[in-house]
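Structure record follows, encoded as structure tokens.
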Amino acid sequence: MRYLLAFLSVLSSLIVCVDIASAQTAKSPGKRELLRQDSEECARQVDRRQVDLFAQCMSRKETDRKAAEKQKKAEEAAKRQRQRTERFEAAVQANQQANRQRIAQENAARARRDDCKKQAKQQKLHLMKRLNFIKSCMKK
């Protein structure tokens, strides 16, 4: 009996939380609801007994909605394309900067190696001693 009260309180709080969460999510109206809304608007504008005018009103509303949806999708696609282009340009720029830094490091290492080779040649070192000298000179 004591656990029953705790269980019911937990269950009721869970139900309240689920209701709050579901109430916060706003759903867009479905096709049937949109059709009903259009029908009501057209009924206010045109008498339902004038079938041809009512049908024109309904088709006009539907084409307007479809055109608006198409426009919205096109704007979203253009926005995604702009974002994709910006990310690509940023990546290209970062890659170019990294390449410049790598080339600068390679040029500096090459200049240092050339300097070490000149020093080894001036000292007239034998082949193995020359290679070891160049290695140790490069580490400095």
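Atom NZ of Lys73 and atom NZ of Lys66 lie 11.0 Å apart (nearest 0.5 Å). To the nearest 0.5 angstrom, Glu41 atom CD is 10.0 Å from Ser39 atom OG. Taking CZ from Arg60 and CG from Leu53, the interatomic distance works out to 9.0 Å, rounded to the nearest 0.5 Å.
Counting Ile, Leu, Val, Met, Phe, Trp and Tyr side chains that sit under 4.5 Å apart, directly or through other members, Phe133 shares a hydrophobic cluster with Leu125.
Considering all non-hydrogen atoms of both residues, Met138 and Cys116 come closest at N-SG, 4.0 Å. Nearest approach of Ala120 to Ile134, heavy atoms of both residues: CB-CG1, 4.4 Å. Of all the heavy atoms in Ala43 and Phe54, the pair that sits closest is N-CE1, 3.7 Å.
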Could you go step by step and tell me if Glu76 and Gln81 meet the side chain to side chain contact (heavy atoms under 4.5 Å, CB included) rule? CA-CA 9 Å; Glu76 290 174 355; Gln81 182 64 31; over 6 Å; no
The test is side chain to side chain contact (heavy atoms under 4.5 Å, CB included); show your working for Leu35 and Glu62 and say whether it passes. CA-CA 8 Å; Leu35 185 64; Glu62 185 178 1; over 6 Å; no
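The salt bridge (charged side-chain N to carboxylate O under 4.0 Å, His left out) pairs that include a residue from residues 125-137 number zero, where partners must be two or more places apart or lie in different chains.
A salt bridge does not link Glu75 with Lys79: none of the charged nitrogens is closer than 4.0 Å to a carboxylate oxygen. Salt bridge annotation for Arg82-Glu86: absent, with no cationic side-chain nitrogen under 4.0 angstrom from a carboxylate oxygen.
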Could you go through residues 100-114 and list every donor-acceptor pair under 3.5 Å that involves a side-chain atom there, pairing it with any protein atom two or more places apart or in another chain?
residue: Arg100; atom: NH1; partner: Gln97; partner atom: OE1; Å: 2.9
residue: Arg102; atom: NH1; partner: Glu106; partner atom: OE2; Å: 3.3
residue: Arg102; atom: NH2; partner: Asn99; partner atom: OD1; Å: 3.3
residue: Asn107; atom: OD1; partner: Arg110; partner atom: NH1; Å: 3.1
residue: Asn107; atom: ND2; partner: Ile103; partner atom: O; Å: 3.4
residue: Arg112; atom: NH2; partner: Cys137; partner atom: O; Å: 3.1
residue: Arg112; atom: NH2; partner: Lys140; partner atom: O; Å: 2.9

